[in-house]
Structures are given as C-alpha cells and as structure tokens.
Amino acid sequence: MRVLCVAEKPSISKSISQILSGGRFTTNETRSKYIKNYEFDYPQTNSFFTVTCVTGHLTGSDFPETHRKWNSCDAFDLFDAPVETHIASDKKAIEENLLTQARRADTLMIWTDCDREGEHIGLEIVRVCKRAKRNIVVKRARFSAIIAQQIHHAAQHPVELDRAQADAVEARIMLDLKVGAAFTRMQTMILQNHFAQLADGKNVVSYGPCQFPTLGFVVQKWNLVKSFVSEPFWFIYLALTSSAGEETPFNWKRGHLFDEDVAVSLYDFVLSDPLARVIKVTKKGTKKWKPLPLTTVELQKAGSRLLRLAPKKVLDIAEKLYQQGFLSYPRTETDQFDPQFDFQSLIQKQTVDPAWGDFATSLTQNGFSAPRKGKNNDKAHPPIHPTAHAGNLAGDDKKVYEFITRRFLACCSKDAEGFQTIVDVECGGEFFSATGLIVLERNYLIVYPYDKWVGHELPDFEEGQEFQPSVCELREGKTSKPSLLTEADLVTLMDKNGIGTDATIAQHIQTIIDRDYVIEKIEGNTKYLIPSKLGIGLIEGYNQMGLNKSLSKPQLRRETERSMVQVCEGQKTKGDMLEETIEQYKEMFIIARREFPKVVSRTTLS
DNA sequence: GCAAGGTC
C-alpha cells in the first residue's frame, strides 16, 4: 500500500520522516524550493510512505471580478457577494507536487497541526488530491508533539479529518473578507472626500476585525493618560535608624489615604503614643519561581521589554534562527514540555558556550529540575527552545538567541531560594510592617539576568520588643500619571482579549503603524505607542455612533471566536454562523455609513 | 487599493 503523508510545513515533514523511517529515507526535490519529498518503507503498517508538505494554507479567497474593483458595486453589496477560492499563485508548484504524488498513492494521510487552521489546511490538501485521484482514502494523523512514540502511534491509528473545524475556519475566512472589505471601502471613500492626501487612491483607511480592537487599546490608554488628574494622598511613614545609620522603613498597613482629615486624625493618635511594639516576627523560607517555558507571545513581550525589539522583529529573527536550525518552531502557544522531552541532550549542546556553558554543565550534573508546567498546550509544538548551539551570531540575532537559550536553561534549573522576615509593628493603634529578604541560592537567576531578586536585610527584632521610631511623619504624595502603552502591554492586551493569534499579533500591531493610525514614540529606553489624529478620530468616531456593540472593542471578535467554537462542537452550522454574523455586521454597516460623515466633523478627523 | 490566518 502506498501512503501519501502531507504535513503543514517543511520542518514537520522532515521530522516525521526521520522518526517513522528510523533515519533511512530517500529525499527527492520538488519544483518548490521549500519542499522535499521523503520516501521509505514503513513495515509496521506494510506500507510505502511518501512524506511531503504544504506551506500553510494553499488557497486564498477573494471576490469575483464583478465585485473586485472598488467602484464595481456598492460596498454594502459585498456582504452578499460570492467569494471565490483559488490556489494562490505562489503555491502552484506545491499543488502540482500534491497532484503527482496523489496519483501514485492509495491513501492520503493528513499530518497538519492539530488545531482548527490545521484541519482546514487538511481539507484544502484533500480537495487537491481528490482531483488527481477521486477515490483516494483519506485519513488524519493525530499527534500532540513531535516525539517518536506519538508519531508512530499517529501513523498506526489514524482518525478522520474533522470537517466541523474546517467549516468554522471557512466561515471565518468569508466573514473577515466581507467585513474587512466593506468597511474599508466605506471608510476610505467617505474620508477621501475630506482629505486631499487620501484622494490619490493609494492610502487606504482599512478596517479589520483585529486591527480595530488593537487600535482601540492604544486610543483607550492614550485617553486615560491624557485625562489623568493627579490626586494627593497621605500616609504615615515610620522608620527606625540603626546606630550604623541604616534606615528600616515600615509600611503602613492602610497604604495611603485620599482623605487628608482622616489621615491627620490617625496620625494624631499615633503621635499621642509614639512607642512602637513588635507584635509578630515571621521568618520563613521563600522562593522566586523560575520562568515558565517560552511561548511566542511571551517571547514577543520579553523581546519588546528586555531586548527593546519590536514584536514583529523578534518573531522575524526567531523565524530566521529556526530556518537555520538553531531554534525550535517559534510559533507556539504551549508553555509545558512533554514529559518525554529530551532535556539533557539539548542542555549538553549548550555546555560549550563561553557565557552559559558552565551553568549548562551544572544542569547535566545535579542542578537539573523539571520545568514548570503552564496551562497552555496547542498540541502541535513544544515551547520555544534552542535546538543547537549557535556561537557565531551577532547583533539582534544574538540577543534573541541568547534570551531563548537562557530562558530554556532557567526553565531546567531550580527556583531561587531565599529567607524572608516580616516584622509586624503596632504604633498608636496603627499597624505597620517591614519585610527583609536574604537570597540563599540564586539557582536559575545565575543564568537568567532578566529577573531581579535583591536581598535587603532587616535588623533583628523580637516579639514584644518596643522601640522609639526615629522617623514618624505624615507624608504627602500624589498619584502619578499612568504610562503610555508599550508594545509589550499591547501584546498582553491582545492575547488576553483573544485578538489575533500567536502568529499574527505582531502583524496587527505593524498594520496599525503602517496605516498611520499609530506612531511609535521612543522615550529613553522604551518604545511607546501613541495614536495619530487619524487613529483617534476613527475610534472616537465609532464610539460616538451609538452602536450597541462597538466596532473598536474586543467584544465582537470574541463573539466570532465563540461562534467558531460552536461550529466546531456541532452546535451550529457554518451557514448559520455566517448568516447570523453577517446580518449583525450589515446593521452596523448601515448605521456606520450614515453616521460617518457626521462624526468626521465632530472628531479630530475634521 | 479591502481581512485574518497559515507559512516562506
């Protein structure tokens, strides 16, 4: 029996070939420069295997010629327009390879990633292969990690492709296209009448169900900063200065109060009896937990915060390093390693490094501790980790590789250990406390300088001890202005609100910058995102239209996501989902088109 | 000249 296996990307076809063949396969070139076909016998199922792959989605969707030109129809008509799906022009060689290989095969086994998009890509592959061989038997290999035992099990116990998941994706594709195109044309055409710089037909005022909530976050934070009014507050500051002149500050349990009269009267009480009594001394071991295994979103946040590289840039570098064989697959939601993961051989590869080699060596002896397990698993890729030692990198490449490697070694190390002392004190009826820390074992911190844990010792206190505070003052402070949005903050917000995916979050941020909705502002060491006049105007405009669901907030995207899950679980058909959602957007479109010219004059767009 | 999702 001849089995044609098709994976979602080149790296996976290669890995599964290595595993299933035990390393004995032949490699054939194809007309696509990215794709090779691997062939070998698989005696376990009495088969001859050909393993190949695609590169993500095979097809793209667009309106037919009748609706493609901007003036060919009313923008509203796009909601009910047909949508055509074609093999993308740069994927023709891949299609041709699939057709040729399918003709020779009895069975087609789909090895795409085990997620919704993977199920849809699987369906695209099936459609192509059936054109070459109508009655080809279709199977789906289900695996959750590229680990020998799992891959063999998947090859020997295939299941069926999940049509519902592919349907959900198809619905999303149609929806995003129609909503995006209709609103983009409407916005652009209305604004073209007001702004000369838009009239040349080159600048598009795009709308997208992900880019607008993303812009919304930037504008929301901007408004918060702009409208901020500082408020005064008061707190009692207590401290004891040692004979050596070191001051131990005690924090007031009430924090700070915004009511000056109350603060003053409490302070008067304290002054009436300003002898402090130690009511409790707590001494206990404490830990600073090592970081979780690295996901794409975390990499981008860290890259922006610690390495000062834009999320898109970090992902591009990680992609390149992955292509060069230095890193594992860089797009993953998984923050837990498979129990069978081979940590030791990967750690071993890092022992030659001049900077962290000694630390890696200590992990091969007795410093190793199994990584923490996060809550996410995309069932397709492990957390990001180095797969080989890279000694000749420079610049940003080096920074990204170093971060990922140190993070991996930190994950495989032990938590940092310390000893904490908390001294609770009562003074004039008010309570205060001071906290001391002694760092005992730095452990993972040795290799992971991105985390800080600094000890500060307290003088000895005993329960029942009384002392005269050297400082007891009512101090005034004021609330400080919230900071502008950083790229790392934005990635966090998008991730939390389900806007975009690990692979697309960085692109959406780039899009709103490219469209001049958002401007990057560098202040000191940090890059902040501030909205442009156009960006503010668009968001304010939509917020002023009196729509019951805002087109610039994350709720609509969340609902789309929920609908997709319902389609996946069979509670709703693809058709129902599309009909409901399109209907909802049509209503909003009618209002938006009517209101848009009015809000243009009322907002910063004017 | 529109989107978002894969992957290169």
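By convention in this document, chain letters (A, B, ...) are assigned in the order of the sequence lines, proteins followed by strands, and residues within each chain are numbered from 1. Since this is a predicted model, take the numbers as computed values, not measurements.
Residue pairs meeting the ring-ring contact (aromatic ring centres under 6.0 Å, His included) criterion with at least one partner in residues 543-565 of chain A, sequence neighbours excluded, do not occur; the list is empty. Residues in residues 167-183 of chain A take part in these salt bridge (Lys or Arg N to Asp or Glu O under 4.0 Å) pairs, two or more places apart or across chains: A:Glu117-A:Arg172, A:Arg127-A:Glu170, A:Arg163-A:Asp167, A:Glu170-A:Lys574, A:Arg172-A:Asp176, A:Asp176-A:Arg557.
A:Ala102 is linked by a side-chain contact (heavy atoms from CB on, under 4.5 Å) to A:Leu4, A:Cys129, A:Ala132, A:Ile136, counting only residues two or more places apart in sequence or in another chain. By the side-chain contact (heavy atoms from CB on, under 4.5 Å) test, A:Glu29 pairs with A:Lys36, sequence neighbours left out. Remark: A:Asp495 engages no residue in a side chain to side chain donor-acceptor pair (under 3.5 Å) (not counting sequence neighbours). Qualifying side-chain contact (heavy atoms from CB on, under 4.5 Å) partners for A:Thr573, counting only residues two or more places apart in sequence or in other chains: A:Asp576. With sequence neighbours left out, A:Glu520 forms a side-chain contact (heavy atoms from CB on, under 4.5 Å) with A:Glu487, A:Ile513, A:Lys527, A:Leu529.
Regarding A:Leu327, its CG atom lies at a distance of 14 Å from the P atom of B:dC8, rounded to whole Å. When the P atom of B:dG1 is taken as reference, atom NZ of A:Lys69 falls 8 Å away, rounded to whole Å.
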query: Taking protein heavy atoms under 4.0 Å as touching, what does nucleotides 2-7 of chain B look like 5' to 3' if B marks base contact, S marks sugar-phosphate-only contact and - marks none?
result: BBBBBB
- prompt: So what is the 5' to 3' dot-bracket string for DNA chain B, if pairs are Watson-Crick or G-U wobble with both distances under 3.5 Å, crossing pairs use [ ] and | means the partner sits on another strand?
  reply: ........
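Donor-acceptor pairing under 3.5 Å is lacking for the side chains of A:Glu333 and A:Thr295.
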